[in-house]
Structures are given as C-alpha cells and as structure tokens.
Amino acid sequence: MAALGFRGVYDRLYRHYGPQGWWPARSPFEVMLGAVLTQNTAWSNVEKALAGLENAELTSAGAIVDAPHDDLAAAIRPAGYFNVKARRLKALCQAYLDRGGWAAMDRLETGTLREVLLRVHGVGRETADDIVLYAFNRPVFVVDAYTRRIFERLDLLEAGMGYEAVRARFEAALGPDAAVYNEYHALVVQLGKSVCRPRPLCEHCCLNPICPSARSRNAE
DNA sequence: GCCCAGGTGTTTC
DNA sequence: GAAACACATGGG
C-alpha cells in the first residue's frame, strides 16, 4: 500500500477525531496570551493561569503592561515559568499596543505580521505562528514537537529538519488554507497527547489510526 | 518520586 | 549553528 501523504493523514485524523474547533479562547487577544502561557506547558495549567488573570483583572494589554511584575507572575503561577512568562506577556502586550491593537495588526501582510511578532522577546516561531494562524486566521502552518515526532515516524519528514523547512513542507503539500491548517495542528496535538511518546515504542501508537506500525492494518 | 507538557533565550562549544 | 542549560507548575 502507498504511504499516507500529508493530506491523507489529515483526512484520516479528521475522520477519527472530528473537528477540534481551535483555538480554545474567547478573543484573538486571549489567543495571544494563551500562546505564550502554553509554551512547554500543559493546557490544563494554562486555563488556571488565564483564570488567574481574570481574577486579577489583568485581561487587557494595558493592564498587563502596567501591572507590577510580581502581581502578574502570581496571577499566572499555575502555568509554570511564571517569572519568564510574565516578562514575555508584558513584551507581547507592549508590542500589541505599539502596533495599534488587533485591527491595525490585521492590516499587515502575513509575512510582516509574522516578523513583527518574532521580534518580540519570548515569541519564537511556534508562538508567532499560533498567533498568526489562530488570532489572525492567516495560512501559516504551526509546527510543534508532536508534528516532528509523528511525521518523522510516518517517514514524511526527515530527522533534524529545521522549523522553516518543516513548515514549508506542509504548506507546499496542502496549499494555503488557514481552515485546514487550523484543524490540522489541533488534530496533531490531539493525537500527540494520546500516543506517540518519544522513546517507547509503539504499543499504544499501534492502536492508532495513522501509526506507521499499523499501516498495513489500516490499509485503505 | 519520576516523567512529561501545544518553547524560548542564553551560553558554550 | 548546534548542543546544553535554565526556566516551574500540575497531572498521570
């Protein structure tokens, strides 16, 4: 049987898990906050941190920029790395204000928007792309640790590829489609959370619909 | 108690 | 540039 391609994996994941309806946030601005808070952190902890911001009435860029560091750090404590992330949130909110807020930023061309975000201290490629895709609905594919792990196993990516090379591979295979990128990344996270740990083999993974070891079983 | 989580920046070869 | 390290809480 032919190996699954990027589109085939997407179709199979979508059939298996259904639409994910990401990003879990009530506003584009909250997407931005969550994108920083979730860095190397489980989403359940991010939810607690977002609630902490609400309780502390730190829900606007202005309030976050003006808040004392210790207050902000205390509010987001459950998300971990709270000192680091407090600084990063302030930097992102400052840039957000400097750029005139969401509507003004939405007038930027996608590449420019991405560069603007990447210049913010604490916003790396994945965080920037989370924001560009999920807060601005632009067709930029988000690459995370799960993406590499899973697609290297599927022999659709080579080990050691850089972030931009992986992103380019997905975008070339799928064409520019923000709606597909939106679901795809969410589906990859869903799959990655349930199976496919780095070292252990595939016992679980073999039960799963796109596992390479299960390909013959799942041949279509 | 140990491992891991929807990374990023800094330091050091 | 690539590898090693710091940053920290909460759930399994």
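In what follows, chains are A, B, ... by sequence order, proteins preceding strands, each numbered from 1. All values below come from the heavy atoms of this structure, side chains included, with hydrogens, waters and symmetry mates left out. Everything numeric in this text was worked out from a predicted model, so none of it was measured.
A salt bridge links A:Arg7 to A:Asp11: one of the charged nitrogens lies within less than 4.0 Å of a carboxylate oxygen. Residues A:Glu30 and A:Arg26 are paired through a salt bridge, judged by an N-O separation under 4.0 Å between the basic side chain and the carboxylate.
When heavy atoms are screened at a 4.0 angstrom cut-off, A:Asn83 is found touching the sugar-phosphate backbone but no base atom. Backbone-only engagement by A:Val84 is indicated by non-hydrogen atom pairs under 4.0 Å involving sugar-phosphate atoms exclusively.
For the pair A:Arg87 CZ and C:dA8 P, the computed distance is 7 Å after rounding to whole Å. Atom CD1 of A:Ile76 and atom C1' of C:dA8 are 11 Å apart (whole Å). Per the geometry, CD1 belonging to A:Ile131 stands 14 Å off P belonging to B:dG7, to the nearest Å. When the P atom of C:dC7 is taken as reference, atom CZ of A:Arg77 falls 15 Å away, rounded to whole Å.
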Subject >> Worked check of side-chain contact (heavy atoms from CB on, under 4.5 Å) between A:Val31 and A:Trp22 >> reply: CA-CA 10 Å; A:Val31 172; A:Trp22 266 28; over 6 Å; no

Subject >> Worked check of side-chain hydrogen bond (donor to acceptor under 3.5 Å, both in side chains) between A:His185 and A:Asp129 >> reply: CA-CA 11 Å; A:His185 176 59; A:Asp129 291 345; over 6 Å; no

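Of the residues in residues 43-53 of chain A, those with a non-hydrogen atom less than 4.0 angstrom from any atom of DNA chain C are A:Asn45, A:Lys48.
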Original post:
Which parts of nucleotides 8-13 of chain B does protein reach within less than 4.0 Å, heavy atoms only, written one letter per nucleotide 5' to 3' as B for base, S for sugar-phosphate only and - for none?
Top reply: BSS---

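Not counting sequence neighbours, the partners of A:Asp106 by the salt bridge (charged side-chain N to carboxylate O under 4.0 Å, His left out) test are A:Arg138.
Counting non-hydrogen atoms of other residues, nucleotides and ligands closer than 6.0 Å to CZ of A:Arg169 gives a total above 12.
Across B:dT8 and C:dG10, the matching P atoms stand 22 Å from one another, rounded to whole Å.
Ring-centre distance between A:Phe170 and A:Tyr181: not below the 6.0 Å cut-off. Aromatic pair A:Tyr184/A:Phe6: centroids not less than 6.0 angstrom apart.
For A:Tyr81, counting side-chain heavy atoms from C-beta on, the closest listed nucleotide (B:dA5, C:dC7, C:dT9) is C:dC7.
A:Glu171 places a side-chain N or O within donor-acceptor distance of the main-chain N or O of A:Phe141, the cut-off being under 3.5 Å.
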